2 protein chains.
Amino acid sequence: MKAFHEYKNPSLAVDLVVFGYHNNTLSVLLLNRKDEPYKDQWTLPGGFLQMEETLRDTCERILYTKLGMNKVFLEQLYTFDEPERDPRGRVIAVGHYALINPSKFQIVAGTMANDVKWFNVKHLPALGFDHKHIFQVALQRLRSKILYYPVGFELLDELFTITELHELYECILETKLDRRNFRRKILDAAYIINTGTKREGLKNRHPELYRFNKQLKKNSFHINTPEDE
Amino acid sequence: MKAFHEYKNPSLAVDLVVFGYHNNTLSVLLLNRKDEPYKDQWTLPGGFLQMEETLRDTCERILYTKLGMNKVFLEQLYTFDEPERDPRGRVIAVGHYALINPSKFQIVAGTMANDVKWFNVKHLPALGFDHKHIFQVALQRLRSKILYYPVGFELLDELFTITELHELYECILETKLDRRNFRRKILDAAYIINTGTKREGLKNRHPELYRFNKQLKKNSFHINTPEDE
DNA sequence: TATATTAGCGTCACTTTAACGCTAAGTAAC
DNA sequence: GTTACTTAGCGTTAAAGTGACGCTAATATA
């Protein structure tokens, strides 16, 4: 057996799929790379783990220094280890995804990138590395998770209407959900709490404003998509 | 920015939660360590990634060389990165779980371990490292997954009776499931195929033998546990 | 032949679900 | 004001799914 320190180790990085929802569109944040490899191409934000950091620390550092975001929903996704995934050498990436409300942050391209931009998940450019694959795993995870666990409110303002929540679900799942059945399920599950106030200034009837119920017990609801059948 | 090779890297390992089902008991395979750290204590099998390997390769190498197993169901679980999880230094472990049919393999302790043994998941000894935690994540994953995806047959012989499958579910989920309703769900979902043969040599009525239906379309069934309600 | 036990099939009340109708509340046009 | 239009909120119903459980068949053994 080799001594402990004799093992060669691959580099360890995190890659981030940052989802945002705005104007009825689900978007992902992409970085245009300033340096090789994949110079001038779009990729997911990511970075190398430093020895004293946890993976979550690394993600938070990247979110903060490259994108100016903090205190966002963040979850580990999967670890990507294809030997050829990075042309610089062996790099293993622990994929994560984050859900953020774009209206809360002013995105700035750090010094590392030419540009940082939101892209509609339906119209992504070509991505460097294996980032297309990581993105697809993340989108799939988000879609499954939202069916049985309340992650949607991470993407909305603190107060929102049922219609707004409904549109978010339809957008993420890319399917139509009956408006009235959706309302019933969400309310029966006590997923959200009526604040008693209404959203003013709209053209038609003023909808009631809700907020997320943090006391929600797990497994209390399940949304079916038409494809379930 | 540092040059690529200047980053220090933690060691990368895999840890394996190997589930087996035998005599109406769900078990996990544990190794008794020959060396420090955690000498003479029980731990999950695991090992370091070698530079030319994928994570799956590493898992398969360990399964084969330490345990004599090959071609088993194997799935990545989660990546565990607590900085203090290994007293030797910074080791990040990618947890995996495997499902095997113990009757297919003769387990042998490799030269690395004092002993290798199956332990009933209900009566585990103390485990070294953070392996108790990894085990719990794996068990939870197995329990959720079996509700909507057919993994059970990995633990059974190729031909099995509905009663055997039913007992497996009750054992993994640690709950009673109505025998007749279970049968109806499994059959309605076309989860299994009747082979037309029967298991002989039993004391009472001879049950029909089934095998897994590999054509099963996803999302075609869902088992409810009493706690769902 | 009777008994005990597991296997397989069926029934029913209750709950959940999908589809969709109807009215209320608001704005804008006249 | 009145009418038209649109979104919001509430309700209804038929069909499907679910849980609880009864009944009979098949087999070994006493």
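Chain letters run A, B, ... following the sequence lines, proteins first, then strands; residues in each count from 1. This is a predicted model, so every value here is computed, not measured.
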Below 3.5 Å is the cut-off: list the nitrogen or oxygen pairs between protein and nucleotides 13-16 of chain D, distance only.
none

State which residues pass salt bridge (Lys or Arg N to Asp or Glu O under 4.0 Å) with [X]; sequence neighbours excluded, sorted by chain then number.
| X | answer |
| --- | --- |
| A/Arg205 | none |
| B/Arg61 | B/Glu53 |
| B/Arg179 | none |
| B/Lys104 | none |

What is the distance, rounded to the nearest whole Å, between atom [atom1] of [X] and atom [atom2] of [N]?
| X | N | atom1 | atom2 | answer |
| --- | --- | --- | --- | --- |
| A/Leu165 | D/dG9 | CG | P | 12 Å |
| A/Ile223 | C/dT16 | CD1 | P | 15 Å |
| A/Lys176 | C/dA19 | NZ | C1' | 16 Å |
| A/Leu177 | C/dT17 | CG | P | 13 Å |
| A/Phe160 | D/dT7 | CZ | P | 21 Å |
| B/Phe182 | D/dG17 | CZ | P | 18 Å |
| B/Arg199 | D/dT27 | CZ | C1' | 16 Å |
| B/Asp188 | D/dG19 | CG | P | 13 Å |

Quiz item: Using a cut-off of 4.0 Å between protein heavy atoms and nucleotide atoms, how would you tag nucleotides 24-30 of chain C 5' to 3' with B, S and -?
Solution: BBBS---
Quiz item: How does each nucleotide of nucleotides 9-15 of chain C score, in 5' to 3' order, for protein heavy atoms under 4.0 Å: base (B), sugar-phosphate only (S), or none (-)?
Solution: BB-----
Residues in side chain to side chain contact (heavy atoms under 4.5 Å, CB included) with [X], at least two apart?
| X | result |
| --- | --- |
| B/Glu154 | B/Phe73, B/Leu99 |
| B/Asp157 | B/Asn101, B/Ser103 |
| A/Pro150 | A/Phe153, A/Tyr191, A/Phe212, A/Leu216, A/Phe221 |
| B/Lys198 | B/Glu200, B/His206, B/Glu208 |

Quiz item: Taking the six-membered ring for Trp, are A/Phe19 and A/Tyr21 ring centroids under 6.0 Å apart?
Solution: no
Quiz prompt | Toward the 5' end of DNA chain D, by each residue's nearest nucleotide, A/Leu209 or B/Lys185 | solution = A/Leu209
Quiz item: Picking from C/dA7, D/dG9, C/dT17, which would you name as closest to the side chain of A/Pro207?
Solution: D/dG9
Quiz item: At under 4.0 Å between heavy atoms, what does A/Thr161 touch on the DNA or RNA strands: base, sugar-phosphate, or nothing?
Solution: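 Counting heavy atoms under 4.0 Å across all strands, no contact is made by A/Thr161.
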Exercise. Check whether any side-chain N or O of B/Thr163 sits under 4.0 Å from OP1 or OP2 of C/dA7, and answer yes or no.
Key: yes
Quiz item: When you measure from the side chain of A/Asn213 to the backbone N and O of A/Ala190, does any donor-acceptor pair fall under 3.5 Å?
Solution: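 Confirmed, A/Asn213 side chain pairs with A/Ala190 backbone.
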Quiz prompt | Within residues 121-144 of chain B or reaching into it, pairs that qualify as salt bridge (Lys or Arg N to Asp or Glu O under 4.0 Å) - sequence neighbours excluded | solution = B/Glu75-B/Arg141, B/Arg85-B/Asp130, B/Arg143-B/Glu174
Quiz item: Using the ring of each side chain (for Trp, its six-membered ring), is A/Phe80 parallel, tilted or perpendicular to A/His133, with breaks at 30° and 60°?
Solution: perpendicular
